[in-house]
Amino acid sequence: MALAYLAVDPVRAARRLLGAVIAGRAVSAVVVEVEAYGGPVGGPWPDASSHSYRGPNLRNSVMYGPPGRLYTYRSHGIHVCANVVCGTDGVAGAVLLRAAVIKAGVETAVLRRGVGVATTALARGPGNLCSALGITLDDNGIDLFNPESAVRIRLRKCSGAVAGPRVGVSKAADRPWRLWLPGYPEVSAYRRSPRAPTPGRSD
DNA sequence: GGTAAGATCAGC
DNA sequence: CTGATCTTACCT
């Protein structure tokens, strides 16, 4: 059962999610960039930039559930971002889907993103990825391994991943928990958060 | 009941 | 670098 491959720490789960095929609403794509997010203080993978750092609440409850579920949230009041929950049931952890290569339904993705958007930019960036795949806040908590779900994922074997610091986070900014497959123009350019403290701290 | 911060993105 | 826009959490 492929689901068991996600019942591990977020960084390993992130590595296993690269190359996976995510099927959204009439659009499917191969995941080429992800970020790992850990859990609360005192948990196995404390992570100050994770939504679950301060314990369970209304927004992050899905992160504490079983692996293989979809965790969506609204970012900056504008965009929707999608995570795949990892770790065992009861332990918070998730992998943010940052970029993907559209494999089917390009026309639909273009309609959602806007005519004139470059093909390689359709699902570049977590907000754009959700937009292109038609993932919404209402999809929060759905089982990505249930064939009945509106959004599904299939894990594929994959190698050659590289790692670097996460994009946009203001805490634990130097932790190399962003993983991607090199050579894809779909992978977003690295931008450090303007709110992040001086580089090189071990946070 | 008010307010600040934020795992983003596009456009100057 | 900035503004847009909204949800949550945490305070009083």
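Proteins get letters first, then strands, A, B, ... in listed order; numbering begins at 1 in each.
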Whole angstrom is fine here: how far is it from [atom1] in [X] over to [atom2] in [N]?
X	N	atom1	atom2	result
A:Asn140	C:dT7	CG	P	14 Å
A:Met63	C:dT8	CE	C1'	15 Å
A:Leu137	B:dT8	CG	P	15 Å
A:Arg59	C:dC10	CZ	C1'	13 Å
A:Trp177	B:dA7	CH2	C1'	13 Å
A:Arg124	B:dC9	CZ	C1'	12 Å
A:Leu129	B:dA7	CG	C1'	13 Å
A:His79	B:dA10	NE2	C1'	8 Å

Answer yes or no: is there a side-chain heavy-atom contact under 4.5 Å between [X] and [Y]?
X	Y	result
A:Arg175	A:Asp47	yes
A:Leu18	A:Leu179	yes
A:Ile135	A:Leu70	yes

Strictly under 3.5 Å: I want the nitrogen or oxygen pairs between protein and nucleotides 1-5 of chain B, one per line.
none

- Message: With the six-membered base ring of B:dA7 as reference, does the ring of A:Tyr73 sit under 5.5 Å away with planes under 30° apart?
- Response: no
- Does the ring of A:His76 meet both stacking tests against the six-membered base ring of C:dA4: centre distance under 5.5 Å and plane angle under 30°? no
- Could you tell me whether A:Arg25 and A:Asp139 have a side-chain N and a carboxylate O separated by less than 4.0 Å? yes
- Task: Indicate yes or no: does A:Arg98 engage A:Glu35 in a salt bridge with an N to O separation below 4.0 Å.
- Result: yes
- Dot-bracket for DNA chain C, 5' to 3', counting Watson-Crick or G-U wobble pairs under 3.5 Å, with [ ] for crossing pairs and | for inter-strand pairs? ||||.||||||.
- Would you kindly compare A:Arg113 and A:Gly168 by the position of their nearest DNA chain B nucleotide and give the one closer to the 5′ end?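 Comparing both residues, the 5'-ward one is A:Gly168.
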Under 4.0 Å: is that the gap between some side-chain N or O of [X] and OP1 or OP2 of [N]?
X	N	value
A:Arg175	B:dA7	no
A:Asn57	C:dA9	yes
A:Arg98	B:dT8	yes

- Message: Using the side-chain heavy atoms of A:Ile78, tell me which of these nucleotides is nearest: B:dA7, C:dC10, C:dT5.
- Response: C:dT5
- Base, sugar-phosphate alone, or nothing: which one does A:Asn128 contact when heavy atoms must sit under 4.0 Å apart?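 Sugar-phosphate: the residue A:Asn128, judged by heavy atoms under 4.0 Å, touches backbone atoms but no base.
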- So, does A:Arg152 use its side chain to make a donor-acceptor pair with the main chain of A:Ser149 at under 3.5 Å?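 A pair under 3.5 Å: yes.
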- Query: At their closest point, which heavy atom of A:Met63 faces which heavy atom of A:Ser52, and how far apart are they?
  - Reply: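 Result for this residue pair: CE-OG, 3.5 Å.
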- Query: What heavy-atom pair brings A:Lys171 and A:Arg166 nearest, and what distance separates the two atoms?
  - Reply: O-NH2, 4.3 Å
- Message: Go nucleotide by nucleotide along DNA chain C from the 5' end; which of A:Ser75 and A:Leu58 gets its closest nucleotide reached first?
- Response: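 It is A:Ser75 whose nearest nucleotide is closer to the 5' end.
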- May I ask you to check whether A:His51 and A:Tyr37 place their ring centers less than 6.0 Å from one another?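 No, too far apart.
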- Message: With salt bridge (Lys or Arg N to Asp or Glu O under 4.0 Å) as the criterion, how do A:Asp89 and A:Arg69 come out once you've worked through the C-alpha distance, each side chain's angles and the decisive distance to 0.1 Å?
- Response: CA-CA 11 Å; A:Asp89 192 5; A:Arg69 302 223 295 217; over 6 Å; no
